[in-house]
4 protein chains.
Amino acid sequence: MTIGLIIGSTRKNSNSRLLGEKLVAGTESHILETKDLDLVDYEDSRHEDAPASLDEHAKLLLEFLLENDVIVFAVPIYWYGIPGKLKGLLDRLSYVFRQPDFKHKKPIEAIVLAVGGDRPRFKGLPLIMQFQHMFDLLGIHFSHYILAEGNKPGDVMNDEKALAEVKWLHSYLKGEVQ
Amino acid sequence: MTIGLIIGSTRKNSNSRLLGEKLVAGTESHILETKDLDLVDYEDSRHEDAPASLDEHAKLLLEFLLENDVIVFAVPIYWYGIPGKLKGLLDRLSYVFRQPDFKHKKPIEAIVLAVGGDRPRFKGLPLIMQFQHMFDLLGIHFSHYILAEGNKPGDVMNDEKALAEVKWLHSYLKGEVQ
Amino acid sequence: MTIGLIIGSTRKNSNSRLLGEKLVAGTESHILETKDLDLVDYEDSRHEDAPASLDEHAKLLLEFLLENDVIVFAVPIYWYGIPGKLKGLLDRLSYVFRQPDFKHKKPIEAIVLAVGGDRPRFKGLPLIMQFQHMFDLLGIHFSHYILAEGNKPGDVMNDEKALAEVKWLHSYLKGEVQ
Amino acid sequence: MTIGLIIGSTRKNSNSRLLGEKLVAGTESHILETKDLDLVDYEDSRHEDAPASLDEHAKLLLEFLLENDVIVFAVPIYWYGIPGKLKGLLDRLSYVFRQPDFKHKKPIEAIVLAVGGDRPRFKGLPLIMQFQHMFDLLGIHFSHYILAEGNKPGDVMNDEKALAEVKWLHSYLKGEVQ
């Protein structure tokens, strides 16, 4: 089983990265960090006469989904939602999920780690529900999520509840608990 | 009273644009269309030694908020959330809402028109709740929203419930009803 | 087509009743008002050795669902949710939805009118999402909902947005619009 | 510090009771079980000429809130919401929260344990958001919640994620972690 970790922060040493790396430590995993992408604008051309083919980043996202069994989204909560750049990447799912390769690659499991500074366990819930609708449409099994508190770099390491949940989820990914 | 219409679609002749223009027809209004912006990546540098100053698009957003009394967001629902490009613009609110000019410019009223193809009146609710948390933090009064159904270009003109709501909201913006 | 109106208020001349009656005026409709029921406690005995048979009020609810094509719930929002007494009636759905008669009676369409005093269009959304999950499990089509503002008796008649939506929905129920 | 545990199940040996008792084991705690109450209908008479005084169960609820510092709600998820009988008790908060004794008794902290059989970590979220709005209005600090899976009696003891969270929360209530 391989794990794909998608890190959605725009800054180095982000809290979401810390939490994501803690979760996948010691597992076979790949990392995709949106900060490193030179993402051009996504355009919805599904209804054009000549719909666009997969662009470079749609292909990248497709490949990442195909080569991993579990996708972990480590996401800072920006204005109670997904950061714009990560969302720009995910908007390409409109092309990705129509690809035969994607349809045949099943099952995929998804986990979301979301870190925010303003009561994330409550105000982060719309983000969780958005992911839920997304994964339901994609046929991806949304198994777990963790909402953690952090604002300044490193903060999240003080959220002991979140760390206990990450510890459990780590055992789960290693197949030690169910 | 002036109305600022922010259109978040990535395509021409979008349903959200149709609905937004119908709403503000005959009022004093300005349009900001994210499709036309050459938006560079947003970076969260709030915790850097030298936080970035307002970039071009943060300034644009600030100006738009300052010069209008009501902001109408006409938003296609992409994967049950805000399109990545619009979200990239809105992420700049982290800088905007700290500006003295913004703090002194009150009150602002916000309206959201959101158009989606997959049961938008239900699956669009996380997006509405995200805007609610956003406006609450910003001190913006979120007065109304309309969730409308549309997928292919022009579809939304068949959503008679949404059109009745837009008609009412139009009278409201003209000061004819409360 | 017959419409069943379930009124969940605990008081006479409630705002939810006013709105519900306005909606169904001139249609063939039946009314079930929880205020008038002498409801005994619901007990979950599904896992007992001898599960309870349908009690009087489970039968009443089943009959009401069978004899109507559209069910309109006119509900005051109590503490951001369904009033306890109406919820006590709805808890009996655990028995009702296992009855062969219910399974064969399809389709049913549901409409929710919810009236609250504290920003109902936002803080009433969890109630709408609860109904959505409920109707999804029951196989009932949740077509429309209206969130209206009202606190003191009669207040809701000042919510012009809600009245415009009720007017449209009335035409919809009469088959005049879609 | 004393803990008040409110158990909202309608059956004996419920999963929510199991989880609640596990959480408060070894702490100074009181239990209020709605199953044991002979609850009469709640009536909203706030707008009557002579509003009703506190009934027996409103008094009981008020006393319970006054004598405990942390209130733990152990709630089975019935139709994606609060069971009718518990909701009937909570509807009395409309009287309780106007009492001077309640206003002066602060702070109160609340914890929710909710157990459901149908993807509770996702479909239980409207219930969590309802409690959030409720506690916000009451001025009660909603510190933590746990969503657990269980259907048949005892099931919840197989939800290892929930048990890990209860274990952490137990340490938290004992003052061993933050």
Side-chain angles (χ1 to χ4, degrees), chain B residues 23 70 72-73 77 80 109-114 116 118-150 155-178, chain C residues 23 70 72-73 77 80 109-114 116 118-150 155-178:
Chain B
L23 177 62
V70 179
V72 176
F73 290 84
I77 305 176
Y80 312 104
E109 177 179 340
I111 288 169
V112 171
L113 312 177
D118 181 16
R119 298 182 75 198
R121 289 180 176 86
F122 301 98
K123 297 191 182 177
L125 294 182
L127 178 145
I128 297 300
M129 293 189 297
Q130 179 189 352
F131 271 115
Q132 172 198 359
H133 288 315
M134 192 186 300
F135 296 138
D136 280 355
L137 190 68
L138 292 166
I140 288 177
H141 173 58
F142 190 4
S143 63
H144 288 287
Y145 60 85
I146 295 175
L147 290 161
E149 188 156 349
D155 263 5
V156 79
M157 290 301 148
N158 299 318
D159 182 341
E160 296 191 33
K161 172 83 161 27
L163 296 182
E165 292 184 66
V166 167
K167 188 180 172 190
W168 183 88
L169 208 49
H170 181 76
S171 303
Y172 166 82
L173 287 175
K174 303 271 272 187
E176 297 161 9
V177 291
Q178 291 197 315
Chain C
L23 177 61
V70 179
V72 176
F73 290 84
I77 305 177
Y80 312 103
E109 177 178 340
I111 288 169
V112 172
L113 312 178
D118 182 16
R119 297 181 77 198
R121 288 179 176 86
F122 301 98
K123 298 192 182 178
L125 294 182
L127 178 146
I128 297 301
M129 293 190 296
Q130 180 189 351
F131 271 115
Q132 172 198 359
H133 288 315
M134 193 186 300
F135 296 139
D136 280 354
L137 190 68
L138 292 167
I140 288 177
H141 173 58
F142 191 3
S143 63
H144 288 288
Y145 59 85
I146 295 175
L147 291 160
E149 188 155 350
D155 263 6
V156 79
M157 289 302 149
N158 299 319
D159 182 342
E160 297 192 31
K161 172 86 162 23
L163 295 182
E165 292 183 69
V166 167
K167 189 180 170 191
W168 183 88
L169 206 50
H170 180 77
S171 303
Y172 167 83
L173 286 176
K174 304 270 271 186
E176 297 161 8
V177 292
Q178 291 197 316

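Chain letters run A, B, ... following the sequence lines, proteins first, then strands; residues in each count from 1.
Evaluation of the ring pair (Phe, Tyr, Trp, His ring centres under 6.0 Å) rule for Tyr80(B) yields His133(A) as partners, not counting sequence neighbours.
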Listing, residues 121-130 of chain B side-chain donor-acceptor contacts under 3.5 Å, not counting sequence neighbours, or none:
from	atom 1	to	atom 2	distance (Å)
Arg121(B)	NH1	Asp159(B)	OD2	3.4
Arg121(B)	NH2	Asp159(B)	OD1	3.0
Arg121(B)	NH2	Asp159(B)	OD2	3.0
Lys123(B)	NZ	Asp118(B)	OD2	3.2
Gln130(B)	NE2	Trp79(A)	O	3.3

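For a residue to count as touching a neighbouring chain, one of its non-hydrogen atoms must lie under 4.5 Å from one of that chain's; by this rule Glu160(C) touches chain B with backbone and side chain alike.
For residues 136-150 of chain B, the salt bridge (Lys or Arg N to Asp or Glu O under 4.0 Å) pairs, not counting sequence neighbours, are Asp136(B)-Arg119(C).
Contact annotation for residues 163-173 of chain C against chain B (heavy-atom separation below 4.5 Å, listed by residue number): Ala164(C), Glu165(C), Trp168(C).
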